[in-house]
Amino acid sequence: MDEPKGTKPRTSWPRKALLILGFLFALAVIALVAMAVSQNKPLPKNIKYGIVLDAGSSHTNLYVYEWPAEKENDTGVVHQVEVCKVEGLGISGYSQDPEKAGLSLQHCVKRAQEVVPEQQHRETPVYLGATAGMRLLSLQNRSIADRVLSAVKKMLRSSPFNFQGARVISGQEEGAYGWITINYLLGNFKQPGWRDFLPHLRSSTGTSGALDLGGASTQITFVPDQEATESQENSLHFRLYGKNYNVYTHSFLCYGKDQALRLKLASDLQSTRNGSLLDPCFHPGYLRSMNISDLYTNPCIANGEQPLPFTQLHLRGNGDYKRCRMTIQKIFNTSHCPYSSCSFNGIFLPPLQGEFGAFSAFYFVMNFLNLTTEKSPVPLDKVTSTVETFCSRSWHEVKAEFPKVKEKYLSEYCFSGTYILSLLENGYGFTMEKWQSIQFLGKIGSSDAGWTLGYMLNLTNMIPAEKPPTRPLSHASYVGLMVFCSLVLVAVLLLGWLTFHRPKCLQKGLI
Ligand SMILES: O=P(O)(O)OP(=O)(O)OP(=O)(O)OC[C@H]1O[C@@H](n2cnc3c(O)ncnc32)[C@H](O)[C@@H]1O
Ligand SMILES: [Ca+2]
């Protein structure tokens with residue numbers, strides 16, 4: 001029907017109002033979304049760095065760690081970005097020329113200078129911790145050990161980093177920091193969040209024990225079941241992220257794999273007359289000679305042992321796992337125990353408890369023998385038979401199969417594998433069943449398993465005693481929720497207005 005001339009259409013004003021309203025609504029939505037996006041734009045990353053040198057008995061490693069500055073006290077945020085292996089000996093090996101211990105670190109310090117941005121060199125802390133090699137050198141000759149430490153301090157002080165100290169750490173610290181490292185990396189210190197109240201998503205709040213096998217010492221650290229300890233010197237107490245931990249730890253000096261081999265050879269030598277030894281822990285066809293004096297100038301070898309009428313030891317392998325195990329067994333003294341239970345040498349050991357992470361040489365050796373898996377652990381009888389078969393292979397054959405593996409390592413995998421079995425089974429009492437709770441770990445994520453990360457976390461106060469206060473929502477969820485609620489509110493208001501005012505445009509027949 002034609003509209004009468006000169007009259008305006010009756011719907012033009014409400015339509016205009018609707019258009020304006022719609023426009024304003026769209027504007028509000030755009031503003032809200034823009035606000036949410038700009039507010040949530042990731043801030044420029046503020047990264048911090050820390051450097052730790054692990055001056056072990058066999059060699060030194062330099063580790064560079066990084067973490068976001070604003071998340072310093074969260075769990076699991078620090079990770080390793082670089083490891084540099086120092087060429088040559090461990091620092092205790094420079095007792096004849098201590099200055100060289102300092103110089104040996106130069107290459108890796110330079111490498112760290114490339115990894116850490118230059119403007120952060122001054123604020124980046126660097127720590128050096130020396131372990132069993134230096135513990136032994138201190139026992140042997142304190143002043144030489146001090147000279148070695150002075151040389152490495154001088155070197156690190158002259159670096160552009162913030163030098164925080166170089167010292168020999170105790171066996172207890174080594175065990176404790178190894179335990180902290182692996183539990184930090186495994187996320188075991190995390191407090192249960194809301195997800196953990198849903199049973200199928202609940203993470204374990206327990207901790208994992210730590211087994212470290214070095215060249216000169218070995219550590220066992222775990223949270224035992226029993227509350228009261230029988231031996232104070234094996235007991236540590238931590239409060240981390242609001243939770244108490246009573247931890248058992250022991251470090252066996254001289255029971256790292258290099259020193260254990262010396263102990264074994266010294267014990268075997270007592271029953272030879274001319275210095276030649278048929279050794280079941282080396283492959284058939286393997287020959288090695290060494291100076292007896294090198295073996296005995298060492299605080300690990302008991303002074304009381306007979307002086308020997310020969311100067312050279314000539315060792316010939318015969319690859320017999322069972323006999324090897326028997327000769328190794330002699331270095332564990334299980335004849336006395338002043339506690340309810342012991343490992344060996346009269347050292348208290350509570351019943352083993354929970355899962356264990358085994359690293360350093362435990363991992364190197366098991367990994368070489370293909371006995372580490374991501375999935376379920378390899379059963380003890382399979383491990384034993386693998387070591388047994390490996391030991392029985394001729395040296396000629398083994399060398400031909402692994403031409404690229406360092407001869408020192410390759411020749412000792414038979415001894416090392418057997419030693420690991422003796423230590424874990426006979427020394428600590430890992431039965432067939434308990435063996436399944438051991439996981440052999442090289443790295444956790446990008447970080448090596450070892451004591452260095454725990455040491456740095458402790459010295460930089462990055463593991464608080466109490467759980468840091470956290471907001472119930474992340475910033476992103478907060479902004480998202482605000483936008484969503486605002487939209488709902490606008491929609492409700494609009495709907496209410498439309499329902500109660502019933503603008504003419506919505507009345508029947510007008511639209
Ligand atoms: O803790 P301490 O006792 O001071 O010793 P370390 O720190 O030098 O000891 P490591 O864990 O670095 O190494 C433990 C032993 O494993 C040896 N090792 C290192 N890498 C290896 C590999 O790839 N295969 C076999 N053995 C290896 C090394 O020579 C040591 O005898
Ligand atoms: Ca070590």
Side-chain angles (χ1 to χ4, degrees), residues 52-63 83-94 101 104 108 128-139 145 148-149 152 167-179 181-182 210-221 249-264 281 298-300 357-372 387 390 398 402 404-420 423 440-443 448-455:
V52 187
L53 288 106
D54 172 356
S57 63
S58 65
H59 78 284
T60 302
N61 267 351
L62 178 147
Y63 295 97
V83 54
C84 177
K85 194 171 171 183
V86 171
E87 287 297 313
L89 308 166
I91 59 168
S92 56
Y94 292 98
S104 72
C108 282
L128 180 142
T131 51
M134 285 298 286
R135 265 175 237 144
L136 288 175
L137 185 58
S138 300
L139 289 175
V148 170
L149 267 187
V152 298
R167 51 182 279 263
V168 181
I169 66 166
S170 69
Q172 248 197 9
E173 287 179 277
E174 196 177 356
Y177 294 130
W179 179 84
T181 299
I182 67 163
L211 297 164
D212 183 349
L213 178 59
S217 75
T218 187
Q219 287 73 236
I220 174 167
T221 311
T249 188
H250 189 78
S251 173
F252 288 92
L253 188 61
C254 304
Y255 285 81
K257 79 177 183 66
D258 300 330
Q259 291 301 335
L261 176 58
R262 285 163 164 248
L263 288 179
K264 184 199 94 83
C281 299
N298 180 329
C300 291
F359 45 90
S360 309
F362 283 122
Y363 178 80
F364 306 143
V365 175
M366 289 296 159
N367 190 48
F368 172 81
L369 296 168
N370 280 328
L371 294 168
T372 53
V387 176
F390 180 71
V398 169
F402 304 99
K404 292 207 177 116
V405 179
K406 225 163 125 173
E407 188 162 317
K408 163 153 168 37
Y409 294 162
L410 191 62
S411 62
E412 291 178 11
Y413 281 123
C414 165
F415 163 77
S416 306
T418 315
Y419 176 63
I420 286 173
L423 178 65
F440 293 92
L441 303 164
K443 282 181 182 292
D448 286 20
W451 59 267
T452 48
L453 176 56
Y455 189 62

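Computed from a predicted model, the values in this text were never measured in an experiment. The figures here come from the full heavy-atom set of this structure, side chains too, leaving out hydrogens, waters and symmetry mates. Each ligand, and each atom within it, is numbered from 1 in the order the structure gives.
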Measure centre to centre between the rings of Phe359 and Phe364, then say whether the value is under 6.0 Å.
no
side-chain hydrogen bond (donor to acceptor under 3.5 Å, both in side chains) partners for Glu412, two or more places apart
Arg288, Lys408
Quick one: side-chain hydrogen bond (donor to acceptor under 3.5 Å, both in side chains) partners of Ser360, sequence neighbours excluded?
Asp212
It should be assessed whether the SG atoms of Cys414 and Cys281 lie less than 2.5 angstrom apart.
no
Residue shell around ligand 1, heavy atom under 4.0 angstrom:
Gly56, Ser57, Ser58, His59, Thr131, Ala132, Glu174, Leu213, Gly214, Gly215, Ala216, Ser217, Lys257, Asp258, Ser360, Ala361, Phe364, Tyr409, Tyr413
For Ser138, give me all partners under side-chain hydrogen bond (donor to acceptor under 3.5 Å, both in side chains), at least two apart in sequence or on another chain.
none
Could you tell me how the ring of Tyr177 sits relative to the ring of Tyr455: parallel (under 30°), tilted (30 to 60°) or perpendicular (over 60°)?
perpendicular
